[in-house]
Each structure stands twice: as structure tokens, then as C-alpha cells.
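Have a look at the structure below before the remarks.
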Amino acid sequence: MSLDIEKLYQQVSHFASTLKGEAQDYQQKLSQALKLYNQANWPALRHKIENAKTSWLIARPVEDGIFTLPPAPKDYTVLATDGSHIETDRHQSISLALINIGRVLISYGQKPGATLESVPELFKKDQLIIHGEGQEQIIEGTLLGIKRTIAECSHLADMAQNAPDDRPILALLDGSLILWGLVSMGYPDFVIREMLDNGFLRQLDSLEEISRAKRLALASYISMPGSTEVTNILRVALCPYDIPDCDQHCSRIPSGQKPCDEVNGLLDRQLFLGLLAPGQRSPVFQSNSSIVKKYYGHHRVNFFYLRLEDEIGRVEMPEWTAVNSNLLELTSSALYDQCLRGMGYPVALSEAHEKAVLGAEERREFESVLEYALEEEGIPILISAKKKSKIRRWI
Amino acid sequence: MEDSFRIGEVVTSSTSRFTTQCYELYVLPPLGSLIKTREGPNDIFAVVSRAETSSLEPGRRAVVRGQNQESEEEIYTSSPHLEKLLKSEFEAIIVGHRQEEHILRYLPPRPPRIHGFVYLCSAQEVTEFTSSFEFLDLLVNTQLDIPSEELIAACLREISQNVEDKETILIQAGRYLAGILSNDTRRLKSILNRIRL
């Protein structure tokens with residue numbers, strides 16, 4: 001056994017004692033945040049947000065108030081996709097990637113039915129290169145994850161195209177609609193364009209096109225979200241300057257002593273757990289992230305928070321779903337219904353995950369099928385000594 | 001169920017028994033009924049000895065869902081995907097086979113193939129196969145997780161459903177069993193107690 005539990009226990013025990021102190025700090029921040037949110041002068045605050053120059057992301061409030069969700073339509077269809085991938089590593093001689101997409105359709109009400117399936121797709125080395133501006137970018141790691149998200153969205157569009165139009169349709173993706181990985185890894189512009197304009201956003205275009213013919217809403221769901229875009233609005237409210245400008249006014253003030261630190265570190269979900277009752281949603285907010293503003297156009301990401309029994313979920317939608325009151329109502333009510341049916345997590349996404357997930361057994365199976373096919377063709381399989389040493393663990 | 005109804009496919013197979021996964025959830029043949037599959041040119045006959053409905057994925061199990069539902073049926077209509085997550089399977093003990101035109105009431109040379117289609121036997125096939133009771137020797141000597149007396153009695157009850165003269169066939173079967181279980185009257189009695197004339 002490689003983990004020395006005795007040595008670890010002392011560290012875990014110390015960690016637990018520090019958490020106790022943090023809990024008190026959290027309670028103080030939360031009660032301050034609740035007070036600020038409830039007493040906010042929203043029109044004035046909106047104006048202040050528009051002019052603020054902050055080093056952190058602030059959501060733009062679109063609605064006011066708290067909304068109790070209407071019951072979900074009796075008859076509706078939910079579509080969901082999720083993906084999983086395997087990439088052969090540099091310790092193997094063959095460069096390949098496998099993307100496995102789980103696809104789920106469930107129809108409720110009259111004529112109930114379900115389709116659960118998975119679709120694997122193999123990509124060769126030459127399909128894993130983006131060319132542009134005289135450069136090449138290999139699709140691996142984070143980029144392969146983004147390619148997978150595009151595939152999830154493409155399958156969702158395909159299912160939406162073929163879904164019967166006799167009832168409203170909620171199409172669901174797992175995670176964020178904002179491809180954060182594209183900006184956080186500092187990829188060149190041609191890579192971002194390829195992955196967005198020719199990839200993800202093109203699929204969103206298809207879904208939007210379908211939504212003109214069928215009553216279709218698109219959303220993504222994030223369980224236990226870690227975002228702070230709404231609590232950051234409260235930091236703007238606390239800012240004593242008319243035009244908040246972090247660099248100009250507060251860059252020399254140590255962290256913890258800035259005027260806005262009273263609520264800094266509090267998560268949106270912690271705030272809304274205090275504001276919403278089960279079956280209620282927050283107002284809709286618009287994302288102000290730079291990637292969305294620069295590239296997403298009319299697919300600009302809007303979001304709201306949804307209160308379940310013990311949890312807050314974040315629901316993201318493209319603008320064309322968010323501004324259409326029918327689609328917004330369908331998204332919120334059907335998503336809540338999905339969470340109720342799925343013990344706190346949308347049942348269609350949970351089943352899509354089950355169809356997509358590639359566990360250790362599937363990975364071994366993939367490797368053995370690959371080795372068998374290569375052997376049949378007489379292609380030698382080269383594996384690095386490091387990989388071999390992990391497979392055969394000798395003493 | 002109609003005659004020669006195709007019910008599923010072989011998913012595990014051995015010399016003495018095989019498991020069938022049903023095409024439809026809960027559409028299982030009754031305990032003791034005669035079914036058949038094929039291996040090459042041979043029909044293989046078997047008696048249903050055990051059935052089970054469980055999760056398709058190992059490690060996933062059902063949870064209660066019906067607390068706020070009026071009927072059991074509602075649980076399935078309000079969660080239509082449930083039927084895609086569950087499977088019904090049954091095991092059958094091989095009791096004979098048909099080579100060319102001959103029915104042979106002993107084990108075939110090879111077990112059925114995986115994915116072999118499995119059918120419920122038609123009334124005519126049941127009558128033909130049970131024109132001799134030698135196949136009961138295989139059932140008497142099989143190790144099961146239920147008492148084999150239960151299976152033999154269930155099998156005879158099923159067979160008797162197929163014939164007009166129910167009494168005669170049960171008396172003939174009883175006589176045959178009395179012969180092979182002459183030194184074990186406790187088992188014989190246990191089987192006969194489970195068959196109502």
C-alpha cells in the first residue's frame with residue numbers, strides 16, 4: 001500500500017480544525033451577503049456594474065426577484081448527451097483518440113418511451129491536428145476534452161432534429177456552455193476559432209435552427225457550481241467608489257482589508273441556498289466572461305440558479321432560450337422535474353453519463369481490441385518501458 | 001404466449017445448462033416449461049429452472065420509487081427509461097436434443113452458441129418430446145439452487161397443460177419417477193405432493 005495513513009492522519013486532523021474557524025467566517029459573510037442582496041437598489045447597482053473595472057467576473061442581472069417554478073408540462077421530451085474519452089499516450093506507438101457519446105431520449109406523459117444508447121468514434125492522428133496561420137495544433141488533453149464537448153453538442157442536435165415535435169423538448173448538456181478551457185490554456189486565435197466557429201457554436205446554430213420549427217429549449221446543468229459572479233455583484237455594492245476600479249483604488253490594500261472583502265470568497269450557490277426555497281429559481285443573469293462577449297454572439301450565455309432539496313444547481317442557456325419566456329419556463333420547470341425524478345440530478349443527464357462513461361474495464365477492453373486488430377494486420381505494438389513497468393509490477 | 005414464440009437469446013452457455021436474456025422485460029417463460037434453441041443442425045431442448053430480473057449494469061441496483069404513485073404501473077410510465085436499465089434472464093437445464101429426425105433425451109455433443117435464438121416450444125413439440133420421460137433422469141440428478149423436486153413437479157404441471165388427457169400423462173410420469181426414485185420415496189412423495197391431479 002503506497003499511502004501511509006498514520007502520516008496522513010495528522011495532516012487531515014489539522015485540516016479539520018482549521019475548517020471550524022472558516023465556518024464562523026463563512027456565516028458572517030453569508031449574513032452580510034443576504035442583507036446586501038435583499039436591500040440592494042438594483043437599478044443603481046446595474047448602472048454601477050456597467051461601469052465597473054474589476055479584476056473579477058461580474059454577472060449582469062437581467063430579471064429582478066425570486067421565481068417559484070410552475071409545474072413541468074405533463075407531456076415533454078428530454079434529450080441529453082454526455083461524453084467520455086480515451087487518448088493513447090506517448091508511451092504507446094499508435095496515436096489515437098476514442099470519444100464515446102452517451103445519448104438519451106425520454107418522453108413523458110402520453111406514449112411514454114425511452115432510448116438509451118452509446119456511440120463510439122475513433123480519431124486518427126491526422127484528424128487530431130488543427131491547421132491555421134502556418135501553424136499546427138495537436139488536439140490532446142484539454143483540447144480533446146473540448147472536441148468531446150463539440151461531439152456531445154453535435155449528437156444533441158442530431159437527436160433534436162429527429163425527435164418527434166408533438167411535445168416540448170428540453171435538450172440538456174452536462175457542465176458549462178462556456179468553453180473555459182479554450183481561454184485558460186492560452187491557445188492561439190485560429191484554434192479558438194476552429195473549436196468555436198466551426199465547432200461548438202455551429203452546433204448551437206443547428207439547435208437554434210431546430211428551435212424555430214419545434215418547441216425546443218437548450219440548457220446545460222452544473223451540479224455544485226463553484227462560480228462567484230453573483231456574489232461579486234455584492235462586492236460592487238460594497239465598493240465605496242462610484243466607479244469601481246480595483247487597480248486604481250485598491251491594488252495597494254492587502255487582501256482581507258479591502259472594502260469588498262466582507263463577502264469575498266462566498267460562492268453563488270451558498271448565497272442562493274439562503275435566498276431560495278426548494279422549487280424556486282433565481283433571476284436570470286448574463287455572463288460577462290470575455291470569451292462569451294468576444295465569440296458567442298447571439299448564443300450569449302445566460303444562467304440562473306435552481307434550488308433543489310439540499311442543493312443549488314446552475315442552469316446555463318444560450319440567449320435565444322433565455323429571452324423566450326415559453327422556453328425559459330420549459331427549461332426551469334422541466335429541469336426541476338428531471339432533478340426530482342433523478343434524486344437531485346437530472347435523470348436524463350445521469351443516464352447519458354452511464355452510457356458514456358469509460359471505466360477501467362472499458363479502457364482495458366479498448367486496448368485489447370486495438371492490440372488484436374494491430375496484430376491481425378501485422379503491425380508491431382511498441383510500448384515504452386515505463387508503461388510496461390506499470391503493467392507488470394515486479395518485486 | 002403463441003406457439004414457437006421467440007423469447008430471447010443465449011448469453012451464457014455450457015454442456016448442461018444455458019442462460020437466456022429475454023427480449024422484453026418480465027416476458028419470462030414459466031418455471032418448468034420446455035424451451036429450445038439450436039446448435040448447428042441440432043435443436044436443443046431445455047427446461048426453465050430459474051429466472052431473475054436485475055440491473056443491466058453490474059453495480060447498479062433498483063431503489064424504491066413508488067411512495068407517491070397510485071399503482072406499480074405508474075412507476076414505469078413516469079420513468080420510461082427504467083425498462084432500458086433492467087433485464088430479465090432465465091436459466092434452463094438441457095434435457096435433450098434432436099439429431100436429424102430423432103429426439104434424443106440426453107445431452108447434446110456441443111452446448112448452444114452465444115446469441116442462439118431461444119423459443120418457447122409449441123404444444124406439438126412438447127407432446128413429441130414428452131412421449132418418453134427419460135429426460136427426467138437428467139432433472140433428478142441436477143444440482144440446482146432450488147430443490148430439484150420443485151423443478152420436476154413444475155415441469156410435469158407445465159407439460160400436463162399441453163395435453164387433453166392430463167391425468168394419463170401425469171400417471172405415466174409418476175410411474176416413471178417411481179422407477180428411478182424407488183430407493184428414495186421421500187423425494188418421490190415430495191414431487192407427487194406438488195402435482196395436483
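As the structure is a computational prediction, the values presented were derived from the model and not from experiment. Within every chain, numbering begins at 1; the chains are lettered A, B, ... in the order of the sequence lines, protein sequences first and strands thereafter. In what follows, every heavy atom counts, from backbone to side chain, and hydrogens, waters and symmetry copies are set aside.
Comparing Ala348(A), Gly109(A), Pro112(A) by how many heavy-atom pairs each has under 4.5 Å with chain B, the most go to Pro112(A).
For chain A, no part of Leu82(B) is nearby; none of its heavy atoms comes within less than 4.5 Å. The contact between Val347(A) and chain B is made entirely by side chain atoms (from C-beta outward), counting heavy-atom distances below 4.5 Å.
In this view, Leu31(B) and Ile146(B), Leu151(B), Ala154(B) satisfy the side-chain contact (heavy atoms from CB on, under 4.5 Å) rule, not counting sequence neighbours. The side-chain contact (heavy atoms from CB on, under 4.5 Å) search around Ala217(A) returns Leu170(A), Thr321(A), Leu327(A), Leu330(A), Thr331(A), not counting sequence neighbours. For Ile210(A), the side-chain contact (heavy atoms from CB on, under 4.5 Å) partners at least two apart in sequence or on another chain are Ala160(A), Gln161(A), Lys214(A).
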Would you list the atom pairs in which one atom of chain A and one of chain B form a donor-acceptor pair under 3.5 Å?
unit_1, atom_1, unit_2, atom_2, d
Ala114(A), O, Lys84(B), NZ, 2.6
Arg341(A), NH1, Ser78(B), O, 2.3
Glu351(A), OE1, Arg60(B), NH1, 3.1
Glu351(A), OE1, Arg60(B), NH2, 3.4
Glu351(A), OE2, Arg60(B), NH2, 2.8

